[in-house]
K.L.:
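The structure that follows is given in the form of C-alpha cells.
No experiment lies behind these values; they were computed from the predicted model shown. Sequence lines set the chain letters: A, B, ... in the order given, protein chains first and strands last, and positions in each chain run from 1.
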Amino acid sequence: MASGLYMLSRGALTSGIHCQRACRNLLLPQVRGKKRWMKAYTFLMAKKLKLEGPPPPKPRSQQPHFDYHAEVQAFSTRLHENFSLELLKAAFINPCYVRVEQERRTALGVDSEVTALVLKDNTELSKKGAEFTKDFLTDWCRASFPSLPSEGLASIVGHLTGPEVVTHVARNLGVEDLTMSAEFPVPDDVLQSTFMAVIGALQESSGAETAGFFLRDFLVAQLIGKDLFDMWTVVNPMGLLVEELTKRNIALPEPRLIRSAGASTVLPLYFVGLYSDKKLLAQGPGETIAAAEEEAARVALRKLFGYTENRTPSDFSPPQQQHQQPRIQSVSSN
Amino acid sequence: MTSRGTPSRFLKSVLQNGVGRYVCQLKRVSIIFSKNAQSSLGIRDFIEEGVVDYAKKNPGTVVYVSPQPRRIPKIVAEYLNGNVREEIVTNKTSAQISELLTKLSNQSGLDIIRIRKPQHTDSPSIQGQWHPFVNRPPSIGLIRPLKD
C-alpha cells in the first residue's frame, strides 16, 4: 500500500517536473493520461446547450458539399424535364432574398456601383406559373368531373393550389434546398411562390403541354384518396341536392328511415335512404336520424357529381402512351 | 421486444411517386474517405473505377467526392424528403460499395422501420364496406341482442 502511494506520488512529481520543463520550451504542452478537464468541459457544453437551445438551422447551401449549378442541373434531370437553366435559376431567386442581399452589401460597405447585384427575381415567373396552374387545373377538373358545379371545381382547384398541398409537394421535390430566401427555414408563402415560378419557368422553356403533364403528375396526384367534401365545405348538403335535382328535372328526394339498430343504447345506428320517384338514390348511416339524412345527401351528391370512391382512376400514363391506348383496346376487344 | 412495441408505418411512397412519373429520390451523395488510410482502400478503388459511371448513369443525383484526412470512410445519402442516411464503408470492397450505392439510390428515403402490411390502398373497398345490414332484407326487422 505504502509502496503504491510512493509510486503514485513519485509519478506525479516526475510528470509535474516534465510538464514544467515542457512549458518552458513549448507553447502547447501535451500531457498523456486521463483528461480531467474533459468532464467539466462536457458539463459546461451540456449546460450551454440547455440554456441557449440548439443552434438555429442552417440552409443546405451554407453547409459543406453544395454546388449550386450542379444541384440545379440535377433538379432538372431528376424530374425528367428540359428546363432552361437560366430561367430555372431565376425562378429560385425570391425578391426578399435580393432585398436582404442588397442590404447586407451596403452594410459591409461594398460600393453598389462597382459590384452591382444583377439578379432578376421570380415575381413575373411566379405570377405566370400561378395563372397557368389555375387554368390548367380548372380545365383538367372540368374534363375529369364534367357534372361537378363550378363552386366544387373552384374548391378543388383552391385545395390543390393552396399553401398546404403546394408546400408539401415543393418540400418533397427538393425545392427548399435551392430556394434563395431571406429567412431560413423557408416560409410557406415564399416556398409556394417559388414552386409557382418553377412551373412558370417550365412553361416558358418547354411549352404549356409539358408543364401540364408536370402539374398532372405532381399536383393532381395529390387528389388520390381525397374525399370531395374534405376539400369542399358544404354546410347544407340536402339543400344542394334539392337544387341539383331540380336542375336536372328529377323528382325531389324523399328521406325514409330504412334501417336502425340499438336505438336505446349509447351507440344507436340509423340508415336513411333517399328515394326519388320511388327509386333509391342513396343511403347513408348516422348516429342520429338527422346526421344519417345529411350523410345520405352527401352520398347522393357524390354519385351525382361522379366523385365516388370507386370511380375509374384518373389517367396518369406518360404522354407518348396516351395516343396509343385506343389501339390496344381495339386489339383486346377483337 | 415484441414487434408491437417497435415503430411501424404503412407502405407508402413519397408524393405518390410512380403514379405519374418515377423520380429518383436520392438527391445527393457525399463520399467521404481518407487518402492514405487502409480502411479506405476499397472506396478509393471505387472512386477510380466506378464513381464516374455511377454519376453518368444517375444524372439526377449529385455526387460529391471529398478526401478528408484520418476519416472513417462513409457514404452520406440525402433524399428528397429531407432524410439523411450515413453508411460507414470501412474495409468494404469496390463491388460491395457499388452495390450499396445502387441500393441507396433505389430507396425512397422513408424511415426503414417495420411495415405493417405488404400492401396498401387509398380506397379500401370498391363495393363499399361491409356492415351488418349488407344483403339483409328489410323484412327481417331490426338487429337486436340475442335473447337468452
K.L.:
Can you name the residues of residues 219-227 of chain A that have some heavy atom under 4.5 Å away from a heavy atom in chain B?
P.N.:
Ala221(A), Gln222(A), Ile224(A), Gly225(A)

K.L.:
If you check every heavy atom in residues 279-313 of chain A against those of chain B, which residues fall under 4.5 Å?
P.N.:
Glu309(A), Asn310(A)

K.L.:
So for atom CD1, which belongs to Ile47(B), do other residues, nucleotides or ligands contribute more than 12 heavy atoms lying within a distance under 6.0 Å?
P.N.:
yes

K.L.:
Can you list, pair by pair, the side-chain donor-acceptor contacts under 3.5 Å of residues 92-99 of chain B, counting residues two or more places apart and other chains?
P.N.:
residue: Thr93(B); atom: OG1; partner: Gln96(B); partner atom: N; Å: 3.4
residue: Thr93(B); atom: OG1; partner: Gln96(B); partner atom: OE1; Å: 3.3
residue: Ser94(B); atom: OG; partner: Glu49(B); partner atom: OE1; Å: 3.2
residue: Gln96(B); atom: OE1; partner: Thr93(B); partner atom: N; Å: 2.9

K.L.:
Any idea which heavy atoms bring Ala261(A) and Phe133(B) closest together, and the distance?
P.N.:
CB-CZ, 3.9 Å

K.L.:
Check whether any side-chain heavy atom of Thr61(B) lies under 4.5 Å from a side-chain heavy atom of Arg78(A), and answer yes or no.
P.N.:
no

K.L.:
Please flag which part of Glu78(B) lies under 4.5 Å from any non-hydrogen atom of chain A: side chain, backbone, both or neither.
P.N.:
side chain

K.L.:
For Gln129(B), does the CD atom sit with more than 12 other heavy atoms under 6.0 Å from it, leaving out its own atoms?
P.N.:
no

K.L.:
Got more than 12 heavy atoms from elsewhere within 6.0 Å of CZ, Arg70(B)?
P.N.:
no

K.L.:
So for Phe218(A), is it side chain, backbone, both, or neither that comes closer than 4.5 Å to the heavy atoms of chain B?
P.N.:
side chain

K.L.:
So if I take each residue of residues 13-37 of chain B and look for any heavy atom under 4.5 Å from a heavy atom in chain A, which residues do I end up with?
P.N.:
Val14(B), Leu15(B), Gln16(B), Val19(B), Gly20(B), Arg21(B), Tyr22(B), Val23(B), Cys24(B), Leu26(B), Lys27(B), Arg28(B), Ser30(B), Ile32(B)

K.L.:
May I ask you to name which of Asn172(A), Ile258(A), Leu173(A) has the most heavy-atom pairs under 4.5 Å with chain B?
P.N.:
Asn172(A)

K.L.:
Counting only heavy atoms not in Gln63(A) (residues, nucleotides, ligands), do more than 12 fall under 6.0 Å from its CD?
P.N.:
yes

K.L.:
Is the CG atom of Asn82(A) crowded by more than 12 outside heavy atoms at less than 6.0 Å?
P.N.:
no

K.L.:
Around atom CZ of Arg71(B), are there more than 12 heavy atoms from other residues, nucleotides or ligands closer than 6.0 Å?
P.N.:
no

K.L.:
Please classify the contact of Asp67(A) with chain B as side chain, backbone, both or neither, using a heavy-atom distance under 4.5 Å.
P.N.:
both

K.L.:
What part of Thr121(B) gets closer than 4.5 Å to chain A, counting heavy atoms only: side chain, backbone, both or neither?
P.N.:
neither

